J.: 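One structure follows; several queries about it will come next.
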Amino acid sequence: MKVIKEPAQIQQLVDEIHKSGRSIGVVPTMGALHKAHRSLIARARKENDFLIVTIFVNPTQFGPGEDYKSYPRTFKNDQEICSKENADLIFSPDEENMYLEGHATTVNVAGGLTDYMCAKHRPGHYSGVATVVAKLLNITKPHRAYFGQKDYQQFRVIERMTKDLNIKTKLISCPIVRENDGLAISSRNKYLTKKERKQATYIYKALKEIALKIKSGQEISVSSLYKAIADNIPEAEIDYADIFDAKKLYPVTEFKKDVVIAAALRLGKARLIDNVVVKKGVD
Ligand code: PAF
């Protein structure tokens, strides 16, 4: 398994792979790989001839005061995981390879998809994500790219970005991978104390409860999800806990179409996000 830092080197290699008619899958990551990444990598391995995992802690998607500096960097372990999952290549550029001196062009994400959810609480975050993902897709030219459903809004924003920028890569959203007690696996779970870790399990419990009520057609008050999380995790600073249209990501109070029940909160040093999608078959 090769490790390459230079975009130009990757571009040369992927051009050759395209010429040979083989398919390319990419799993974009910020490293600190865990079980959820492994499931993306394993799926991408099955569905493509050549598999690239990108590892880059992207500075432009972190806001002031966020955890860019302390974000876990575990390259050796990541390399072992990629190797066990039979990846062909790791692309792990340095910041100066990705953002050339004097860089002046970014992807600006605006419009309805970023009016609510995490975008409202992390200004500029999704422009940073869209910029780096556009670059990663341009460099690796994959047939397919794999993302976790945990960052639901991220997937929708990237979907819109590829449509707007005529990028032909097929995007695949993969199911959330959870610990045995239901907590969505995340690199940031490492920041939780024992007590916080226990409390964090209420997030998925609360989301599931609301999902069950929607499925069975029961009445739900708009604030019941927020209240359930606030009551069970009193130390949490909740950014949002609400129900959104699954395609357009605006809050809804009627559940005739597909919806995503989603929450984001700060607990101690961690910011946790999670969601459950309820499908009605209408989107
Ligand atoms: O989901 C992530 O790990 C990151 O946001 C991504 C897509 C790799 C872009 O930096």
Side-chain angles (χ1 to χ4, degrees), residues 5 7 10 25-41 43-44 51-63 66-75 77-78 81-82 85 87 89-99 103 106-109 113-114 117-119 121-140 142 144-162 165 167 169-177 184-191 249 262 264 270-275:
K5 282 180 178 290
I10 301 273
V26 72
V27 181
T29 81
M30 296 207 298
L33 302 183
H34 46 60
K35 264 198 268 176
H37 295 112
R38 274 189 97 140
S39 76
L40 303 180
I41 299 171
R43 173 152 178 205
L51 169 57
I52 305 175
V53 178
T54 74
I55 298 180
F56 179 60
V57 185
N58 172 38
T60 67
Q61 68 188 77
F62 290 81
E66 289 189 348
D67 56 344
Y68 172 64
K69 284 222 168 91
S70 58
Y71 195 83
R73 287 158 171 88
T74 57
F75 190 74
N77 189 53
D78 296 347
I81 289 177
C82 292
E85 294 298 338
L89 176 72
I90 295 178
F91 174 46
S92 66
D94 292 327
E95 192 179 331
E96 54 274 22
N97 300 126
M98 281 302 270
Y99 295 107
H103 77 96
T106 54
V107 177
N108 180 36
V109 176
L113 285 180
T114 50
M117 301 177 82
C118 291
H121 301 271
R122 303 184 72 188
H125 169 68
Y126 286 115
S127 292
V129 169
T131 301
V132 81
V133 174
K135 287 170 74 63
L136 291 169
L137 297 181
N138 273 331
I139 294 165
T140 59
R144 299 177 195 85
Y146 298 79
F147 300 89
Q149 189 203 301
K150 186 164 74 70
D151 193 338
Y152 189 88
Q153 189 170 28
Q154 167 169 281
F155 189 79
R156 288 282 175 239
V157 166
I158 292 171
E159 197 175 46
R160 182 74 238 181
M161 177 275 288
T162 54
L165 299 184
I167 295 175
T169 301
K170 181 170 186 229
L171 304 178
I172 295 156
S173 171
C174 301
I176 298 176
V177 181
I185 293 180
S186 160
S187 309
R188 290 182 169 110
N189 292 351
K190 285 188 186 142
Y191 301 152
L249 309 189
R271 185 173 189 278
L272 305 174
I273 56 174
D274 200 354
N275 67 78

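Whatever order the structure lists ligands and atoms in, that order sets their numbers, starting from 1. All figures in this text were calculated on a predicted structure; none of them were measured in a lab.
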J.: Please determine if E66 and R271 form a salt bridge, counting it only when a charged side-chain N lies under 4.0 Å from a carboxylate O.
T.: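 No.
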
J.: Pull out every atom of ligand 1 sitting under 4.0 Å from any heavy atom of Q61, numbered as shown with elements.
T.: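 Listed by number with element, the hits are 4 (C), 5 (O), 9 (C), 10 (O).
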
J.: Hey, which atoms in ligand 1 end up nearer than 4.0 Å to a heavy atom of V132?
T.: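 Ligand 1 atoms under the 4.0 Å threshold to V132: 9 (C), 10 (O).
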
J.: Identify, with sequence neighbours excluded, every residue that meets salt bridge (charged side-chain N to carboxylate O under 4.0 Å, His left out) alongside E95.
T.: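 For E95 there are no salt bridge (charged side-chain N to carboxylate O under 4.0 Å, His left out) partners, ignoring immediate neighbours.
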
J.: Is a donor from one side chain sitting under 3.5 angstrom from an acceptor on the other, for N58 and Y99?
T.: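 Note: N58 and Y99 side chains meet the donor-acceptor criterion.
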
J.: Pull out every atom of ligand 1 sitting under 4.0 Å from any heavy atom of Q154, numbered as shown with elements.
T.: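 Contacts of ligand 1 toward Q154, numbered from 1: 1 (O), 2 (C), 4 (C), 5 (O), 7 (C).
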
J.: Using a 4.0 Å heavy-atom threshold (strictly under), name the region of T29 that reaches ligand 1: side chain, backbone, both or neither.
T.: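 It is the backbone that touches ligand 1; the side chain stays farther off.
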
J.: I'd like to check K135 versus F56 (side-chain heavy atoms, cut-off strictly below 4.5 Å). Are they in contact?
T.: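 K135 vs F56: side chains apart.
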
